[in-house]
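Please read all numbers here as calculations on a predicted model, not as lab measurements. These numbers come from the heavy atoms of this one structure, side chains and all, not from hydrogens, waters or symmetry mates.
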Amino acid sequence: MNVAEFFARIAATDRQADVALVEEGRTRSYADLLAHVNSLAEALLALRSRTIASILDNGADWVALDLACLMAGIVHVPIPVFFSPQQLAFVLEQVGADTVVCDALTAQPLAALGFSAKPSSGLGNAQLLRRSVAAVGIHQGTQKITFTSGTTGMPKGVCLGSTQLLTVAEELAAALDPLGLSRHMNALPLPILLENIAGIYAPLLMGATVSVLPLQAVGLRGSSTFDPRAFHLALDGSAAHSVIMLPQMLRVYGEWLDMTTTPPPASLRFMPVGGAAVGAALLAKARKIGLPAYEGYGLSEGASVQTLNLPDADLPGSAGRALPHSHLRVAEDGEVMVSGTVALGYLGQPPVGDAWFATGDLGNIDAAGFLHILGRKKNVLITSFGRNVSPEWVELRLTGSPCIHHAVVFGEAQPSLGAVVWPAPGATDIEVQSAIDEANAALPDYARIGNWMRARAPFSADAELATANGRPRRDRIFSLHHDLFGGERRAALQ
């Protein structure tokens with residue numbers, strides 16, 4: 001799908017009076033949204049900007065700016081509001097941003113980077129900042145640069161073309177069409193590619209209404225603080241048919257519903273979960289209390305969603321079957337390879353080309369076509385007995401227990417594995433040990449946990465022990481818990 005086809009679908013005459021966006025009681029019809037996007041695109045073209053970075057909370061203004069950049073063919077760099085000042089400065093320099101759209105508080109420190117405020121219209125309460133800066137090398141055809149949070153200090157820019165982005169959105173819309181999803185609520189930050197494509201582009205192609213609320217209104221503060229009660233009130237109030245969740249959000253929300261004996265919103269029909277490993281145990285708990293949770297798989301380098309479980313094609317514990325745009329194969333060493341909507345390349349690195357992209361994930365595809373992700377290739381541990389173990393496999397077993405919220409497994413060059421555990425509130429050491437014993441009983445001897453210890457800080461982005469979407473920063477966690485194996489820091493983790 002190209003840009004013209006995308007906007008032609010949105011401009012269909014039979015939907016212009018329908019509500020496209022809802023933001024805290026204010027609504028915008030499809031006709032109003034298109035008119036705003038058109039006028040904003042013209043204003044942005046008049047600026048002659050090469051690259052526009054946005055640092056905005058979720059809201060209708062974010063959506064309008066993103067669509068206006070798409071319409072005008074201007075590179076958009078959405079930056080999450082939870083990026084640190086150092087990460088923010090790094091991203092703006094890497095992309096050579098000459099324009100920034102942000103709130104007044106964010107604007108103040110950007111003066112040190114050469115930005116100054118300029119008159120603007122059509123941006124709501126946001127400020128428009130400009131600077132003169134030399135162009136940087138960006139892959140030809142780039143429409144959006146999304147920054148992966150990664151496992152190191154500075155994020156990495158992925159250059160994506162409009163065709164890749166919109167093709168994924170089109171295939172998602174087609175796959176979800178039988179479910180009759182006419183109302184969606186954004187619960188993840190819109191700069192996260194998954195919510196951008198699956199939570200804005202796909203619903204608009206379906207003619208749905210999107211409830212786009214500030215992050216605090218849906219229970220998110222920073223990158224990793226989640227209030228399940230606030231989320232529930234927002235979800236129930238929006239009467240949404242669908243909402244996208246991260247695994248830890250699903251876990252906390254499910255526990256809150258169970259503890260308070262609150263039923264899930266009656267409107268909810270589909271709750272895709274992605275961003276990190278989910279596991280059959282968490283899905284089973286969610287479905288037992290009435291949450292229609294379904295696991296999917298994707299990566300920024302593939303323009304987000306590649307596979308998805310659906311009500312009529314569902315295998316809990318798998319990542320689902322490939323959508324039509326996604327081509328999958330597994331290399332001889334077990335690494336999952338994808339093609340079809342692969343990114344143009346990383347910022348500052350050579351183009352990817354049309355070859356198969358190595359995801360870094362280990363997995364297999366069963367006879368029915370369901371993808372099973374087993375862990376990260378780079379995380380594989382080799383014990384002192386020469387056994388290869390994917391720590392994510394063991395971690396999913398451990399977190400299947402209600403008394404273990406997070407677990408990170410280590411054991412490179414050790415005779416047995418060890419785990420750093422963040423227990424559920426109030427869980428005793430005896431309860432944690434019992435949960436570990438239960439997990440061990442289902443694992444082969446070489447994958448069982450020997451030593452374990454309580455984590456000294458939460459596995460969160462705020463504590464710098466996890467990425468924004470919840471993936472553990474293993475090197476930092478091990479540094480903080482170097483005494484797990486008696487105080488020696490192994491060379492493999494340097």
Between [X] and [Y], is any pair of side-chain heavy atoms under 4.5 Å apart?
X	Y	value
Val243	Phe231	yes
Phe7	Leu34	yes
Ile52	Val77	no
Leu396	Leu282	no
Ser182	His241	yes
Val420	Phe459	yes
Leu160	Ile145	no
Val22	Val212	no

Can you see whether [X] engages [Y] through a side-chain donor-acceptor pair at a distance of less than 3.5 angstrom?
X	Y	answer
Tyr201	Asp66	yes
Gln306	Ser326	yes
Thr209	Arg183	no
Ser211	His184	no

For [Y], does its backbone N or O pair with a side-chain atom of [X] as donor and acceptor, under 3.5 Å?
X	Y	answer
Ser460	Ala463	yes
Thr341	Gly302	yes
Asn2	Ala4	yes
Ser238	Ala240	yes
Gln143	Cys69	yes
Thr167	Thr163	yes
Gln127	Ala107	no
Asp98	Val133	no
Thr399	Ile404	no
His481	Ile477	yes

At what distance, to the nearest 0.5 angstrom, does [atom1] of [X] lie from [atom2] of [Y]?
X	Y	atom1	atom2	answer
Met185	Leu235	CE	CG	4.5 Å
Leu44	Thr99	CG	OG1	8.0 Å
Leu179	Ser242	CG	OG	9.0 Å
Phe357	Glu301	CZ	CD	4.0 Å
Leu362	Arg376	CG	CZ	8.5 Å
Ile197	Ser304	CD1	OG	5.0 Å

Would you call [X] and [Y] a salt bridge, taking side-chain N to carboxylate O under 4.0 Å as the test?
X	Y	value
Arg473	Glu464	no
Lys377	Asp361	no
Glu412	Arg474	no

Got a sec, which pairs hit salt bridge (charged side-chain N to carboxylate O under 4.0 Å, His left out) with one end in residues 188-199, sequence neighbours left out?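 Sorted pair list comes back empty.
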
Testing the basics here: between [X] and [Y], what is the closest heavy-atom pair and its distance to 0.1 Å?
X	Y	answer
Leu323	Ala175	CD2-CB, 3.9 Å
Ala41	Met71	CB-SD, 4.0 Å
His76	Ser54	NE2-OG, 2.7 Å
Asn379	Glu392	ND2-OE2, 2.8 Å

Any chance CZ of Arg454 has more than 12 other-residue heavy atoms, nucleotides or ligands included, within less than 6.0 Å?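 Counting other residues, nucleotides and ligands, CZ of Arg454 exceeds 12 neighbours.
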
Look at atom CD of Gln216 and say whether more than 12 heavy atoms of other residues, nucleotides or ligands are closer to it than 6.0 Å.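 Check fails, neighbour count at 12 or below.
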
Return the set of residues passing ring-ring contact (aromatic ring centres under 6.0 Å, His included) with Tyr346 (not counting sequence neighbours), or none when no residue passes.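 Not a single residue meets the ring-ring contact (aromatic ring centres under 6.0 Å, His included) criterion with Tyr346.
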
Test log, rule side-chain contact (heavy atoms from CB on, under 4.5 Å), inputs Ile200 and Leu190: CA-CA 8 Å; Ile200 295 294; Leu190 288 172; 3.6 Å; yes

Whether His232 and Tyr253 hold their rings parallel, tilted or perpendicular, with breakpoints at 30° and 60°: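 Tilted: the ring planes of His232 and Tyr253 meet at 30° to 60°.
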
For residues 105-117, which residue pairs pass the side chain to side chain donor-acceptor pair (under 3.5 Å) check, not counting sequence neighbours?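 Side chain to side chain donor-acceptor pair (under 3.5 Å) check on residues 105-117 returns Asp103-Thr106.
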
Which pairs pass side chain to side chain donor-acceptor pair (under 3.5 Å) with one or both residues in residues 27-38, sequence neighbours excluded?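 Sorted result for residues 27-38: Arg28-His36, Arg28-Asp61, Ser29-Asp32.
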
Worked check of side chain to side chain donor-acceptor pair (under 3.5 Å) between His139 and Gln349: CA-CA 9 Å; His139 294 289; Gln349 296 185 23; over 6 Å; no

Chi angles and distances behind the side-chain contact (heavy atoms from CB on, under 4.5 Å) call for Phe82, Leu215: CA-CA 11 Å; Phe82 54 75; Leu215 291 172; 5.9 Å; no

Residues two or more places apart in sequence or in another chain: which of them pass side chain to side chain contact (heavy atoms under 4.5 Å, CB included) with Ser120?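 For Ser120, the residues satisfying side chain to side chain contact (heavy atoms under 4.5 Å, CB included) (neighbours in sequence not counted) are Leu123, Leu128.
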
How would you list, by chain and number, every residue that makes a side chain to side chain contact (heavy atoms under 4.5 Å, CB included) with Leu113, sequence neighbours excluded?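 Side chain to side chain contact (heavy atoms under 4.5 Å, CB included) list for Leu113, sorted by chain: Ala89, Leu92, Glu93, Leu110, Phe115, Arg131.
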
For Leu56 and Val81, run side-chain contact (heavy atoms from CB on, under 4.5 Å): C-alpha distance rounded to whole Å, both residues' side-chain angles, the deciding distance at 0.1 Å, then the answer. CA-CA 6 Å; Leu56 296 171; Val81 294; 5.7 Å; no

List the steps, then state whether side-chain contact (heavy atoms from CB on, under 4.5 Å) holds for Val336 with Ile373. CA-CA 8 Å; Val336 177; Ile373 298 296; 4.1 Å; yes

